[in-house]
Amino acid sequence: METVQGRTVSDGIAIGRIFYYRHIRMTAVRHDDADVREELLRYEEAKIRASSQLRELFEKASKEAGAENAAIFKAHQALLEDEAYGNFIIDRIRGEKVNAEYAAALAGEYFERLLSGLEDEDTRERAADVRDVTERLLRILSSQMEEEPLLPEEPVIVMAGDLSPSETIRFDRSRLLGFLTEQGSLNCHMAILARSMSLPALTAITPQEEWDGKMVILDGQTGTLYVDPDSRTMERMKRKKEQLEQEHRELLSLIHAKDETADGTRVKLYANIGNVADAKEALSYHAAGIGLFRSEFLYLGREDYPSEEEQFQAYRQVAEQLDGKEVIIRTLDIGADKQAEYFGLGEESNPALGFRAIRICLMRPEILKTQMRAIYRASAYGRISVMFPMIASLWEVQEAKRIAGEVRDELNKEGVPMGQVAFGIMIETPAAAVMSDVLAREAEFFSIGTNDLLQYTLAVDRQNEKLEPFYDARHPAVLRLIEQTVKNAHAAGCTVGICGEMGADPELTETFLRMGVDELSVSPSALLKVRQRIREIRLDK
Ligand code: PEP
Ligand code: MG
């Protein structure tokens with residue numbers, strides 16, 4: 001038996017044989033003196049074909065991994081349409097009279113190099129996207145079919161140097177047990193897709209030719225790979241797998257259970273969503289409402305602003321699905337780690353401290369107005385509340401509410417039906433937590449965004465994986481700020497929820513309930529775990 005340590009990017013245990021997926025890299029041969037018109041035409045046709053393939057992949061991924069996770073294929077589409085990328089290819093064909101595949105390969109190399117040299121991990125991931133899109137173009141130009149990678153009938157654990165999102169999603173799900181790759185991080189697309197398909201995955205595993213076809217155990221809990229396991233390890237891991245599955249079944253038995261502590265205190269357990277499909281998932285676990293609708297996902301992975309109508313349809317669908325349960329829509333929180341080029345935000349040396357979220361909405365009120373029109377219109381179809389992100393000062397809330405008021409008056413004049421809309425504030429800057437007694441006068445509820453509150457309180461960039469040990473979700477400074485916020489809110493008659501990741505940590509549930517937090521809002525996949533924890537707690541002890 002050989003034991004290899006990797007890095008878990010998706011939890012769970014898989015036992016099965018390895019299938020070595022060898023990625024065939026597309027290369028392009030240079031042809032000089034090509035017919036420029038002919039090559040430009042070939043490039044344009046390839047682009048159209050690539051675009052339709054990406055649409056199909058988006059559909060498949062939406063079904064298997066949810067629309068939010070499928071958005072990567074929308075991003076690929078945007079890359080394919082990217083002017084700089086496209087012009088690079090066209091200029092090479094025109095200027096150097098080379099064939100389209102060679103020009104595309106040059107563009108791929110150039111942009112991949114440009115992005116992979118950057119510090120930020122997310123930007124580096126974009127280099128893999130460039131590679132994926134370029135490979136797609138090359139395959140089409142060389143008339144190579146993109147075939148579904150054939151997996152053996154008996155389900156396998158796929159091992160590869162690297163897996164692009166297209167490759168990950170093209171495997172037949174029913175024949176897959178897990179993934180092992182050398183490249184990739186916690187937030188790479190293979191990892192995101194694996195998690196959403198509930199498949200265990202490890203990275204930092206260098207593929208070995210001789211492992212192909214071998215029996216292995218992939219332990220996503222410890223990040224260990226056992227190759228050719230001995231019988232004792234096999235027995236032990238089978239028991240562990242069975243136990244995990246048993247725990248999972250127990251969680252599933254809580255789908256209809258009440259969100260109430262062992263001594264009868266009711267807790268509002270809400271869900272965080274990014275789109276309509278997530279709302280469905282949240283409802284399947286009987287979430288009591290939506291505590292955070294990250295509306296910026298409607299703005300990401302596209303070429304232009306979503307229209308009022310488009311937004312209205314999305315908000316209305318979620319409101320209708322929730323059927324009278326509360327839906328808290330957070331107004332646009334773009335900037336920092338969530339970028340859309342058409343906003344033209346430009347480079348910033350400190351994007352997390354920069355032009356983002358409410359700051360953009362206040363400086364460009366037309367964006368907030370369009371969004372508020374859509375939200376108010378949707379409010380006639382359910383119970384919608386609104387909250388503003390990244391608030392640091394009182395005037396920001398007052399100004400945002402003033403703009404919202406103008407929109408409401410306008411719609412009233414137009415005779416548009418609307419429901420009651422409650423206003424809340426996200427507490428995710430230390431300033432907001434410290435000033436929560438004052439802010440509470442302007443809000444009906446608070447929602448604590450612990451992801452950013454941690455980042456700004458501890459001065460630790462949440463995107464920087466090197467700083468993981470310092471991003472301490474138990475830090476007393478953060479817990480004190482939360483406690484103080486709850487006290488101030490309650491004194492002013494405001495309710496308080498937690499919608500950041502700390503809210504989904506079962507080890508903190510009791511702490512939060514003892515502080516008096518009224519609502520926890522967690523990702524749909526964490527709902528049952530938190531429900532289980534709530535039901536164990538006794539607050540009367
Ligand atoms: C947060 O900051 O905790 C939060 C919920 O918002 P986001 O993670 O989208 O920044
Ligand atoms: Mg935030």
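Whatever order the structure lists them in is the order used to number ligands and atoms, beginning at 1.
When only modelled atom types and interatomic distance are considered, Y299 and Q311 share a side-chain donor-acceptor pair under 3.5 Å. For Q317 and Q313, the side-chain atoms include no donor-acceptor pair closer than 3.5 Å. Between T495 and D518, the side chains place no donor N or O within less than 3.5 Å of an acceptor N or O (distance only, hydrogens not considered).
Within 4.0 Å of ligand 1, the residues that place a heavy atom are L292, R294, R330, D333, K338, M426, E428, G449, T450, N451, D452, R462, C499, G500, listed by chain and number.
If you put the vertex on the Mg ion (ligand 2), OE1 of E428 and OD2 of D452 sit 100° apart, to the nearest 10°.
Comment: K529 does not engage E247 in a salt bridge, judged by the lack of any side-chain N to carboxylate O separation of less than 4.0 angstrom.
Aromatic ring pairs are classed by plane angle as parallel below 30°, tilted from 30° to 60° and perpendicular above 60°; the pair F293 and Y315 is perpendicular.
Aromatic ring centroids of F423 and F388 lie under 6.0 Å apart.
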